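Nothing here was measured: the structure is a model prediction, and the numbers come from that model.
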Amino acid sequence: MLNVHLLPHTHDDVGWVKTVDQYYYGGKHLVGVVPDTHHGSRIPSEPWTAGWGQCLAWAPVWRRVPLALLVPECPTPVSTVQNELHHGAVKNILDSVISALRAEPSRRFVYVEMAFFSRWWHQQTNATQQAVRELVRQGRLEFANGGWVMNDEAATHYGAIVDQMTLGLRFLQDTFGDDGRPRVAWHIDPFGHSREQASLFAQMGFDGIFLGRMDYQDRELRKKKREMELVWRASASLQPPTADLFTGLLSNAYDPPKHLCWDLVCDHDSSMVGDPFSPEDNADVLIDHFLDVATKQWQSYRTNHIVMTMGGDFHYENAHMWFSNLDKLIQLVNAEQQASGSPVHVLYSTPACYLWELNKANLTWSLKEDDFFPYADGPHQFWTGYFSSRPALKRYERVSYNFLQVCKQLEALAAPAANVGPYGSGDSALLEEAMAVLQHHDAITGTSRQLVADDYARRLAAGWGRCEVLLSNALARLSGSQEAFSICPELNISVCPLSQTSARFQVAIYNPLARKVDRMVRLPVSAGAFLVKDPSGHAVPSDVLLLPQPEGQKPSPELLFSASVPALGFSIYSVSRVSLRRSKTHIPQPISQKPGSAVLNIKNEHIRATFNLETGFLMQIEDLEQKLVLPMNQSFFWYKAGTVGQKISQSSGAYIFKPQQQKPLPVSDSAQIHLLKTPLVQEVHQNFSAWCAQVVRLYRGQRHLELEWTVGPIPVGHLLEDLLLLGLSLSIKPRPLTGGISQVPGAGAGSPPHPHTHPCHQDGKKQLTVLTDRSQGGSSLQDGSLELMVHRRLLLDDNRGVGEPLLEEGSGSWVRGRHLVLLDAVGTAAAGHRLLAEKEVLAPQVVLAPSGSALYHPGATRQLQFSGLRRELPPSVHLLTLARWGPQTLLLRLEHQFARGEDSGRNLSSPVTLNLQNLFSTFTITRLQETTLAANQPRASASRLQWNPDTGTTPTPTVPPLDPASITLQPMEIRTFVASVQWEEFAWSHGGDPVQA
């Protein structure tokens, strides 16, 4: 007997061709975009973006942030939606589904996106909420995945994935208890799948995962081998089956079988009519077709259970239409089975019910240990372009992740005083929800329409405003003084009004890491000489740099000084102008570039970088301590994509990267260079073209080379088939390639850096590692070469539904970013790049204030330095989460950030044991409960279905007894705790030895 599990579901994108709100309420007008260009290449005559400044003048936190931080301006409606995928109205979907479920007890439904469901839930009456609770209790409304969104798996940061899953799963736990807890992960639409994502899901307690998209060749091969269901071993460090996850690959992506779609948008599929007296009678034909589809699908699976997804994008707006046809299908198939002995039985089901039946079969399953990347849905149609699409939005998201962690930490350290204080009411909730939305697989990927990308940026900006109030309240509480704190979000383009107009000001630097950091601080200032003092009142070395500006603009002075900031704390530095003279100003000097010229070097105590004076290109890096030398050639290139009709059947677009030729073209054969040398920094400024420049930088004491690139706007040619992309290439002398770079010929060459890996090359002795500041596609088409795509600008759509070319105007067309390049011995390289990556993702937050302020309250003592920890954490341990969880509870995540056997130099890959007692300076942990990764189950009582991989069964590791004085972390392990705490009465008086003003 073949049991066919029908899964009624809707896939509701949290923004794509319409904004989140337009999808929820069913808005029919797009804002600020041209009509649908799905089948054409029309170029708009009007800009797609204008500013939000006028319509939001009342809200100072909504601001235009050029380059890496992109916030749009005030849009106006332009066109009516044409694409059928624009019909979605999630509010109506949920209203209709609940009504249909209540009408017939046998029906079931699957829902996923909590960003929509939570909004709908809070708009319902008590009676409706109670009815929904009963549907959930009965298992007829089942939540799968349960995150705020269905996140992307390539362009996201793993910390942000954990945060958005925690947000959604907590809503379900608080609302429905264990009845609402999802048992199955449901990633049916992300464009490829990473094993790191599977590892996170396993640690969250999921029994399995179902995937919709997979490479078309992989799918066909697996169907033939009957390996559409398998065990995914998602970590080489965690002891099996800790990170093992049963994985089901859906036969038809997430759509219904052909001719069996009964939604409003399925206008080519007829409703089922079982009336022999009607000329519309089609029941027998549709039943025969269904039985044929089921029998063929069965041939690719191993048990007597198969699953069919009955739904699609924004389906079930009229749930009665769907369910009435499914009711007839089930009735007629089962009646025929009973009458004529058909071997097929059909039932309403859910992912958890189907998975339970597979588990009961007690079979042995094939084992997979790598990724499902890159994804292609046809020949030469690799979805690798989105790794780099919309780089400005990608950077804004990454900076916002940093700021969110800062806000959540301060909210935990300063207690309720962070939320309500002298600056008003603030919290991290709005930014947390905005960041969760940004993890959606059409948000961080850059695959939405321009209108929607603008709306994503607007959401982040609104969240920043609430967090800025929180930050000011917390800093006032912890420092003992009320400063007019302000953040300068345009520091990446040397704009900060307070530092540029004040002769005296303070710089508060907050460090979100659990270890002390030393950081170079750069601030735009007015002309003159400056004195910088540390929290103890001692002068610190500083330089004033006069940086070149575009033609017609005055040179911009920047103040540079080195700051030291304690773990999980802040240091406040004072800056005062002591002279208006520019006698100590350092200016980049032009370098003569004649044929046959000698080389040019910049160096510090650890690194020397050598440039070819004839070309101006970087040609060699040396590690002076370890005597490692690496010849190289670094420059910028661009690709031209073919268009349909040039013997190419696929254009490049937001999703797909399809170059016309495999070899890129150089932006320039040489670069004009300027040299800047000061006691604190040495820089080579390279100008490759009017739209492409780079600064190669070495700070004093720095163990890596910094490449700061500025690109855009990428020029657009006169012909529509011109596609301009930008690549950074590090051409290293040929050696075998290893590391996290996918080697796939042609357009498939591209791989997203994984959360715990970075693009690297090694020859057995030395390793070159490149850290990026946002998601970027990388490839290596031959041994010893590396390309990273930093920007994209397209004139055509790739026909995957967006219906709009990736042709950003305004701020998004001009982008600045950094690559950090490390050269190290293979055995010690992991320590270098992992600890540096941690410092960059959670870089110190710089906050400015004018000099002179009032005390926080009468009798308070000003503290210029503070640490939230009584002792630093070991270098192998990362404080992943410190956040408020309840009125008297905090959420704490500790992560071992090294893989097993990865570091042989400092033994950082070994297990590490921590004592959490008296660890924090502003609160005491009174009770500790360990949970699963998403904090929705106690770890001691959590259990998962056990599966049998073909390599043999491994018993589940026992949960160690919980002792706050002895918390052991294994390599790559993340442990999550809910801590009951007692805050100290005066937080600033318990920070060790604070420095007083």
Side-chain angles (χ1 to χ4, degrees), residues 3-12 97-98 101 105-114 117 132-147 150 165 168-173 175-189 197-198 200-212 228-232 241 244-251 254 301-311 316 326 330 345-363 365 932-934 936-937 941-948:
N3 298 282
V4 182
H5 296 245
L6 302 183
L7 303 188
H9 80 103
T10 178
H11 175 60
D12 297 341
V97 165
I98 298 304
L101 290 178
S106 66
R107 295 171 177 172
R108 296 190 175 200
F109 195 77
V110 182
Y111 200 75
V112 177
E113 293 85 6
M114 292 306 104
F117 187 87
V132 173
R133 285 193 177 96
E134 183 62 19
L135 292 173
V136 173
R137 187 192 66 80
Q138 295 172 357
R140 296 174 52 217
L141 174 60
E142 179 174 298
F143 299 105
N145 216 64
M150 186 184 299
M165 287 297 301
L169 291 173
R170 187 181 190 189
F171 163 78
L172 287 175
Q173 191 69 25
T175 307
F176 301 105
D178 285 342
D179 290 337
R181 177 169 61 83
R183 268 66 173 176
V184 178
W186 185 256
H187 263 216
I188 55 174
D189 199 26
Q197 178 76 58
L200 295 177
F201 278 147
Q203 294 176 71
M204 290 175 188
F206 286 102
D207 289 320
I209 184 173
F210 288 98
L211 308 178
M228 293 289 282
E229 291 163 336
L230 52 105
V231 172
W232 198 352
D244 289 1
L245 191 66
F246 184 88
T247 303
L249 308 171
L250 299 173
S251 179
Y254 57 89
Y301 293 81
R302 297 180 55 206
T303 74
N304 63 334
H305 293 267
I306 63 171
V307 65
M308 289 186 184
T309 48
M310 307 306 284
Y316 288 82
L326 292 176
I330 292 172
H345 175 72
V346 190
L347 68 155
Y348 280 119
S349 188
T350 65
C353 291
Y354 175 66
L355 196 66
W356 178 256
E357 294 296 337
L358 296 183
N359 186 260
K360 287 198 301 184
N362 198 29
L363 299 181
W365 306 93
T932 52
L933 181 58
N936 65 331
Q937 302 176 71
S941 59
S943 63
R944 298 198 297 142
L945 296 179
Q946 299 301 302
W947 304 90
N948 304 318

### Query
Which residues pass the ring-ring contact (aromatic ring centres under 6.0 Å, His included) test with F201, sequence neighbours left out?
H187, F206
### Task
For H11 and I188, run side chain to side chain contact (heavy atoms under 4.5 Å, CB included): C-alpha distance rounded to whole Å, both residues' side-chain angles, the deciding distance at 0.1 Å, then the answer.
CA-CA 9 Å; H11 175 60; I188 55 174; 4.1 Å; yes
### Message
Quick check: do L6 and L347 have side-chain heavy atoms less than 4.5 Å from each other?
### Response
no
### Query
Does the side chain of L230 come within less than 4.5 Å of L249's, by heavy atoms?
yes
### Task
Mind checking ring-ring contact (aromatic ring centres under 6.0 Å, His included) for Y316 and listing every partner two or more places apart, or none if nothing turns up?
F109, W322, F323
### Query
Can you name the salt bridge (charged side-chain N to carboxylate O under 4.0 Å, His left out) partners of D244, sequence neighbours left out?
R233
### side chain to side chain contact (heavy atoms under 4.5 Å, CB included) between N3 and N304, intermediate numbers included
CA-CA 6 Å; N3 298 282; N304 63 334; 3.7 Å; yes
### Task
Report the C-alpha distance between I306 and S251 in whole Å, list the side-chain angles of each, state the deciding distance to 0.1 Å, and finish with yes or no for side chain to side chain contact (heavy atoms under 4.5 Å, CB included).
CA-CA 9 Å; I306 63 171; S251 179; over 6 Å; no
### Point-to-point distance, once rounded to the nearest 0.5 Å, from OG1 of T932 to CZ of R944
10.5 Å
### Message
Restricting to ring-ring contact (aromatic ring centres under 6.0 Å, His included), what partner residues turn up for F143, sequence neighbours left out?
### Response
F117, F176
### Query
Got a sec, which residues hit side-chain contact (heavy atoms from CB on, under 4.5 Å) with R183, two or more places apart in sequence or on another chain?
R181, D207, A352
### Summary
Rounding to 0.5 Å, atoms CE (M228) and CG (L211) come to a distance of 10.0 Å
### Task
Working to the nearest 0.5 Å, report the span between CE of M310 and NE2 of H5.
14.0 Å
### Message
Holding to side-chain contact (heavy atoms from CB on, under 4.5 Å), I want the full list of residues that pass it with W365, two or more places apart in sequence or in another chain.
### Response
E229, V231, F246, R302, T303, L363, W947
### Query
Rounded to the nearest 0.5 Å, how far apart are CG of L101 and CD of E134?
12.5 Å
### Query
Would a distance-only check, ignoring hydrogens and angles, find a side-chain to backbone donor-acceptor pair under 3.5 Å from N359 to Q946?
yes
### Query
Tell me, do P8 and L326 make a side-chain contact under 4.5 Å, heavy atoms counted?
yes
#### Entry: Q173 and Q937: CA distance, side-chain angles, deciding distance, side chain to side chain contact (heavy atoms under 4.5 Å, CB included) verdict
CA-CA 9 Å; Q173 191 69 25; Q937 302 176 71; 5.8 Å; no
### Under the ring-ring contact (aromatic ring centres under 6.0 Å, His included) test, residues paired with H345 that sit two or more places apart
none
### Message
Run the salt bridge (charged side-chain N to carboxylate O under 4.0 Å, His left out) test against R133 and tell me which residues pass, sequence neighbours left out.
### Response
none
#### Entry: Set of residues satisfying salt bridge (charged side-chain N to carboxylate O under 4.0 Å, His left out) with respect to D179, sequence neighbours excluded
none
### Task
Taking salt bridge (charged side-chain N to carboxylate O under 4.0 Å, His left out) as the test, write out the residues that go with R170, two or more places apart.
D174
### Query
Under the side-chain contact (heavy atoms from CB on, under 4.5 Å) test, which residues partner S106, sequence neighbours left out?
E104, Y348
### Task
For T309, enumerate each residue passing the side-chain contact (heavy atoms from CB on, under 4.5 Å) test, keeping only those at least two apart in sequence or located in another chain.
H9, W186, L250
### Message
Measuring only between side-chain heavy atoms, which start at C-beta, is M114 closer than 4.5 Å to L172?
### Response
yes
### Query
Can you find a pair of side-chain heavy atoms, one from D12 and one from V112, that are under 4.5 Å apart?
no
